Amino acid sequence: MNQEVASWPYEFALSKDYIKSNQRGTVRGQLFVNDGKQNVAASNAYVGLAPPGEAGSWQTENKGYQFWTKTDGKGNFIIENVIFGTYNLYATVPGFIGDYKYTSNIKVTPGSNIKLGTLIYKPPRNGATIWEIGIPDRSAAEFFIPNPPSQFKVHKYKNNSETKFRQYGLWEQYGVLYPKNDLVYNVGTSNYSKDWFYAQVTRKIGINTYNGTTWKIIFNLANVNIASNYTLQLALAAAEEADLHVLINDEKLQEPHFSTGHIGGSNAIARHGIHGLYWIYSIGIQGKLLVNGANTIFLIQSSGLSPFEGVMYDYIRLEGPHQ
């Protein structure tokens with residue numbers, strides 16, 4: 001097997017549409033992350049070439065070729081055996097939100113060895129972190145995953161802590177754990193691995209009848225700067241036919257302060273996944289909407305037509321006034 005892997009791409013294939021090794025190119029470089037302080041090597045990051053598009057567009061691109069690799073501990077990467085053509089270079093870095101995109105198109109020609117040198121990714125950030133929920137890894141695996149309903153067989157996975165989300169019917173356990181009142185998360189005292197359900201889904205209220213749900217994040221602020229803007233960084237690991245509204249300190253507003261609109265179709269919840277297409281939103285919050293003392297952010301998943309509508313959160317962060 002190792003010999004075959006080392007021999008790829010083969011030289012003996014006869015089709016004119018088959019691109020042999022001497023007709024392919026290589027792209028290399030070193031990726032760093034700067035989250036506002038200093039450059040840090042982007043270790044274990046995914047770096048790839050895909051057809052030109054916006055940052056993150058590689059997720060839904062399925063007509064062109066893509067070539068991906070992972071960086072080493074120093075952020076170095078080598079993408080080999082790339083078919084000639086024009087690409088954008090993209091990256092995602094564990095521990096940091098957002099998607100990286102290299103500024104220029106990359107034209108790979110037969111036999112080329114392109115050295116991009118040092119690349120710097122500046123993830124979305126407008127101010128210092130006030131609080132955060134979760135780990136920015138494009139997955140909901142770090143949140144609370146319940147035991148499956150007793151009527152279903154429990155599968156014995158090799159590492160249950162990492163594969164527990166594959167058990168059947170877990171989304172229905174939200175209604176069991178929260179039969180009437182929705183989830184409330186208190187920053188500073190709650191623990192996201194125990195108190196943040198892995199998916200914000202609908203609640204069954206009758207035969208084939210469901211309601212959307214409203215989650216609350218309660219947090220305290222001192223010395224609110226009412227003249228400045230704060231930022232809520234909201235990263236979703238998956239969405240399925242969802243419409244997520246964000247309201248600040250007033251659940252009864254007719255118009256939300258922010259809405260994602262109708263998003264998602266990856267169906268990761270019903271398919272026992274822990275992530276699907278990634279969504280990232282930087283939501284501006286006027287300082288005058290906040291108060292000294294207790295504040296509440298309402299996350300309202302308003303769609304309620306089926307048991308599978310909802311979102312999986314990746315990471316949430318409140319940032320202070322713009323720097």
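The model shown is predicted, which means the values in this text are computed figures rather than measured ones. No hydrogens, no waters, no symmetry mates; every other heavy atom, side chains included, goes into these values.
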By side-chain hydrogen bond (donor to acceptor under 3.5 Å, both in side chains), N186 pairs with (sequence neighbours left out) none
Considering residues at least two apart in sequence or located in another chain, which fulfil the salt bridge (Lys or Arg N to Asp or Glu O under 4.0 Å) criterion with D99? R138
One pair to check against ring-ring contact (aromatic ring centres under 6.0 Å, His included): Y198 and F165. What are the steps and the verdict? CA-CA 9 Å; Y198 81 106; F165 63 87; 8.2 Å; no
For E142 and I135, indicate whether the former's side chain and the latter's backbone hold a donor-acceptor pair under 3.5 Å. yes
Does I217 reach the side chain of W196, with side-chain heavy atoms less than 4.5 Å apart? yes
Results of salt bridge (Lys or Arg N to Asp or Glu O under 4.0 Å) for R317 - residues two or more places apart only: E319
Applying ring pair (Phe, Tyr, Trp, His ring centres under 6.0 Å) to Y100 and not counting sequence neighbours gives Y121
Heavy-atom check, side chain of I106 versus side chain of L116, under 4.5 Å: yes
Go through the side-chain N and O atoms of E4 and Y10 and say whether any donor and acceptor fall under 3.5 Å apart. yes
Does F67 form a side chain to side chain contact (heavy atoms under 4.5 Å, CB included) with I83? I'd like the steps, not just the answer. CA-CA 9 Å; F67 300 87; I83 293 175; 3.8 Å; yes
side-chain hydrogen bond (donor to acceptor under 3.5 Å, both in side chains) partners for N211, two or more places apart: none
Among pairs that include at least one residue of residues 171-185, which meet side chain to side chain donor-acceptor pair (under 3.5 Å), considering only residues two or more places apart or in two chains? Y174-D182, Y174-W215, D182-R203
Y315 versus E132, side-chain donor and acceptor atoms under 3.5 Å: yes
With sequence neighbours left out, the residues meeting ring pair (Phe, Tyr, Trp, His ring centres under 6.0 Å) with Y46 are none
Sequence neighbours left out, what pairs pass side chain to side chain donor-acceptor pair (under 3.5 Å) with at least one residue falling in residues 21-33? E11-S21, R28-N113
If you count heavy atoms of other groups shown closer than 6.0 angstrom to NZ of K288, is the number above 12? no
Any side-chain heavy-atom pair from I145 and I274 closer than 4.5 angstrom? yes
Can you find a side-chain donor-acceptor pair between N191 and S193 that sits under 3.5 Å? yes
Hits for ring pair (Phe, Tyr, Trp, His ring centres under 6.0 Å) against F84, two or more places apart or cross-chain, chain-then-number order -> none
Would N105 and N88 count as having a side-chain donor-acceptor pair, cut-off 3.5 Å? yes
Can you list the residues that meet the side-chain hydrogen bond (donor to acceptor under 3.5 Å, both in side chains) rule with N225, with sequence neighbours excluded? S228
Exercise: do H272 and Q167 side chains pair donor with acceptor under 3.5 Å: no
Contacts of F219 that satisfy ring pair (Phe, Tyr, Trp, His ring centres under 6.0 Å) - sequence neighbours left out: W131
Counting C-beta onward and ignoring hydrogens, is there a side-chain heavy-atom pair between L177 and F144 closer than 4.5 Å? yes
Using side-chain hydrogen bond (donor to acceptor under 3.5 Å, both in side chains) as the criterion, list what pairs up with T86, not counting sequence neighbours. none
